[in-house]
Enquirer: 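Dropping a structure here in structure tokens format, bear with me for questions.
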Number of protein chains: 2
Amino acid sequence: MKLSDTQKTFVLHWGEKAMKFGFNRTLAQIHALLYVSPEALDAEEIAETLQISRSNVSISIRELQSWGLITAAPKMGDRKTYYETLDSTWEMFRLVAIERQKRELAPSISLLRDLLLAGNDDADPTQRHVTRRLESLLQLFEHASTLSELLKNLSVDQVAKLLESNFSLLEQAVQPEEAAPPARVLHPEEN
Amino acid sequence: MKLSDTQKTFVLHWGEKAMKFGFNRTLAQIHALLYVSPEALDAEEIAETLQISRSNVSISIRELQSWGLITAAPKMGDRKTYYETLDSTWEMFRLVAIERQKRELAPSISLLRDLLLAGNDDADPTQRHVTRRLESLLQLFEHASTLSELLKNLSVDQVAKLLESNFSLLEQAVQPEEAAPPARVLHPEEN
DNA sequence: CATTAATTTCAGATATTATTGAAATTTCAA
DNA sequence: TTGAAATTTCAATAATATCTGAAATTAATG
């Protein structure tokens with residue numbers, strides 16, 4: 001596939017950006033390529049376009065699928081598997097957030113709980129300090145986990161609505177003493 | 001500094017966890033060490049405790065300071081610089097979020113805007129597709145940026161309030177048709 | 001079935017990133 | 001000032017993560 005300058009720049013940028021957040025560069029480039037491609041692509045074409053090995057594509061595709069970020073899109077009368085991304089950026093964000101909660105946050109919460117259960121020597125002042133700080137961290141993580149849980153049950157439309165309201169509700173929430181503006185009317189629509 | 005098992009486990013875990021989010025392992029271990037240390041530590045002691053070189057500590061400390069995650073805590077009659085972390089996990093989170101917006105999100109937004117300005121060839125259907133998708137991504141990023149801007153102006157107490165409300169306001173916001181529960185009373189308390 | 005296309009696996013090679021040690025620089029007490 | 005302590009710099013090295021090619025496996029076709 002011949003990429004336009006815009007496509008090329010975006011694919012490279014997305015690869016670099018994803019790295020900063022702990023993703024593999026090639027993985028992200030594949031995702032970006034599929035995102036800016038009007039058609040679903042097969043593994044061979046991905047490899048050629050990005051100039052990477054076929055095996056790298058195979059591994060990366062599996063990983064992307066494990067995040068739910070790409071899906072196989074079979075074509076009639078074609079043995080090859082074609083892949084495409086989600087269209088909705090909100091859904092993409094939601095998937096990553098939920099998956100990170102499952103893969104990273106939950107294990108940390110579990111570990112912190114274990115550590116706090118094991119170390120309850122009230123006599124040792126250092127231990128008391130450690131306990132206090134780990135409790136504080138656990139609390140933050142549990143809040144994040146709650147947020148993720150909430151996200152899990154939010155439809156794309158609902159997330160969109162929240163985003164489009166520019167979080168004015170949050171602003172209200174933390175500035176309760178100001179004269180309350182009229183309640184924003186939300187238009188829930190099913191998808 | 002001799003670490004307890006709890007401290008040791010936490011420091012190692014924090015290092016691994018941070019890596020998954022694009023941070024350097026040692027950087028995070030230093031941060032974790034300071035977080036569970038009852039006293040501010042000097043660079044030499046950090047190096048010994050974590051068994052890493054003095055120069056590595058120096059580099060990592062500078063980076064941690066650039067995020068605002070640790071501060072120098074000078075001691076009277078001592079030439080060495082001692083370092084300590086923030087106590088508030090919320091403040092830590094806020095700093096990281098704001099810094100990431102500045103370092104990662106803003107440049108991406110800028111790039112996407114440039115790409116969208118440059119590529120406005122309505123005749124080319126591929127270009128139209130790319131434009132549509134990049135616009136959608138830009139929108140998401142701009143929302144995230146707005147959220148970060150909001151966060152910038154939120155005090156630790158306000159963030160705490162939001163977190164402690166378990167985001168019930170968000171839940172209300174996206175489910176307006178249910179009978180509204182009585183407004184949650186927030187208890188702002190100093191620590 | 002046998003054949004070929006498509007995909008996956010994985011040990012070894014490569015590239016990237018992190019770390020070190022030695023030297024340079026800075027800081028500060030005397 | 002001076003010099004010793006503390007810190008930083010950076011080129012060389014080590015550790016880590018990523019990628020590849022060849023071989024194995026799986027799936028589809030006639």
Side-chain angles (χ1 to χ4, degrees), chain A residues 1 11-34 40-67 70-84 103-104, chain B residues 1 11-34 40-67 70-84 103-104:
Chain A
M1 185 193 185
V11 166
L12 294 176
H13 178 80
W14 197 236
E16 297 311 302
K17 191 74 3 172
M19 279 218 302
K20 306 276 187 152
F21 290 88
F23 295 95
N24 172 285
R25 172 191 284 149
T26 306
L27 181 97
Q29 286 183 351
I30 292 175
H31 177 249
L33 174 61
L34 293 175
L41 303 177
D42 65 274
E44 189 62 37
E45 190 158 18
I46 293 171
E48 278 170 18
T49 307
L50 298 179
Q51 303 180 70
I52 57 180
S53 73
R54 183 62 189 72
S55 53
N56 194 351
V57 173
S58 179
I59 292 164
S60 297
I61 279 177
R62 174 138 43 79
E63 180 70 6
L64 280 168
Q65 281 180 312
S66 82
W67 287 84
I70 69 173
T71 50
K75 286 190 185 178
M76 270 300 183
D78 195 332
R79 291 170 64 170
K80 287 202 287 287
T81 308
Y82 292 80
Y83 298 94
E84 61 187 11
R103 295 183 192 196
E104 309 303 340
Chain B
M1 185 190 183
V11 165
L12 293 176
H13 178 79
W14 197 238
E16 296 312 301
K17 192 68 14 165
M19 280 218 302
K20 306 275 187 150
F21 290 87
F23 294 95
N24 172 285
R25 174 191 283 151
T26 307
L27 180 98
Q29 286 182 351
I30 292 174
H31 177 250
L33 174 61
L34 292 175
L41 302 176
D42 66 274
E44 188 63 38
E45 189 157 20
I46 293 170
E48 278 170 19
T49 307
L50 298 179
Q51 303 180 67
I52 57 180
S53 72
R54 183 61 189 74
S55 52
N56 194 351
V57 173
S58 179
I59 292 165
S60 297
I61 279 177
R62 173 137 45 79
E63 180 71 4
L64 280 168
Q65 282 180 312
S66 83
W67 287 84
I70 69 172
T71 50
K75 286 190 185 179
M76 269 300 181
D78 195 333
R79 289 172 65 170
K80 287 203 286 288
T81 308
Y82 292 80
Y83 298 95
E84 61 187 10
R103 295 183 191 196
E104 309 303 341

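Only a predicted model underlies this, so the values are computations on that prediction, with no experimental measurement involved.
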Enquirer: Compile the donor-acceptor pairs under 3.5 Å between side chains in residues 26-33 of chain B and protein atoms, sequence neighbours left out, one pair per line.
Expert:
{"from": "B:His31", "atom 1": "ND1", "to": "B:Trp14", "atom 2": "NE1", "distance (Å)": "3.1"}

Enquirer: A:Glu16: what forms a salt bridge (charged side-chain N to carboxylate O under 4.0 Å, His left out) with it, not counting sequence neighbours?
Expert: A:Arg25

Enquirer: Got a list of protein N/O to nucleotides 26-30 of chain D N/O distances below 3.5 Å?
Expert:
none

Enquirer: Near DNA chain D, under 4.0 Å by heavy atom, which residues of residues 12-27 of chain B?
Expert: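 Listed by number, they are B:Met19, B:Arg25.
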
Enquirer: Can you tell me which residue pairs pass the salt bridge (Lys or Arg N to Asp or Glu O under 4.0 Å) test with a partner in residues 70-80 of chain A, sequence neighbours excluded?
Expert: none

Enquirer: Answer whether the closest heavy-atom distance between the side chains of B:Tyr83 and B:Gln65 falls below 4.5 Å.
Expert: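 In contact.
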
Enquirer: Got a sec, which residues hit side chain to side chain contact (heavy atoms under 4.5 Å, CB included) with A:Arg103, two or more places apart in sequence or on another chain?
Expert: A:Glu63, A:Ser66, A:Trp67, A:Glu99

Enquirer: List the residues meeting side-chain hydrogen bond (donor to acceptor under 3.5 Å, both in side chains) with B:Glu104, not counting sequence neighbours, and say none if there are none.
Expert: A:Lys17

Enquirer: Give every residue pair that meets the side chain to side chain donor-acceptor pair (under 3.5 Å) criterion with at least one member in residues 47-59 of chain B, sequence neighbours excluded.
Expert: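 For residues 47-59 of chain B, and leaving out neighbouring residues, the side chain to side chain donor-acceptor pair (under 3.5 Å) pairs sorted by first residue read B:Ser53-B:Ser55, B:Asn56-B:Ser60.
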
Enquirer: Using a strict heavy-atom distance below 4.0 Å, which residues from residues 40-60 of chain A are in contact with DNA chain C?
Expert: A:Arg54, A:Ser55, A:Ser58, A:Ile59

Enquirer: Taking atom C1' of D:dC19 as reference, at what distance in whole Å does atom CD of A:Glu63 sit?
Expert: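 Atom CD in A:Glu63 sits about 15 Å away from atom C1' in D:dC19.
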
Enquirer: With rounding to the nearest 0.5 angstrom, report the CD1 to OH distance, A:Ile46 to A:Tyr82.
Expert: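 Here the interatomic distance stands at 11.0 Å.
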
Enquirer: Atom CG of B:Leu64 and atom OG1 of B:Thr71: how far apart are they, to the nearest 0.5 Å?
Expert: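 Between atom CG of B:Leu64 and atom OG1 of B:Thr71 there are 11.0 Å.
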
Enquirer: In Å, rounded to the nearest 0.5 Å, how long is the span from CG of A:Leu41 to OG1 of A:Thr81?
Expert: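 Those atoms lie 12.5 Å apart.
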
Enquirer: Can you tell me how far C1' of C:dA6 sits from NZ of A:Lys75, to the nearest Å?
Expert: 16 Å

Enquirer: Please give, in whole Å, the distance from C:dA18 P to B:Ile61 CD1?
Expert: 17 Å

Enquirer: At under 4.0 Å, does any side-chain N or O of A:Thr81 touch on OP1 or OP2 of C:dT7?
Expert: yes

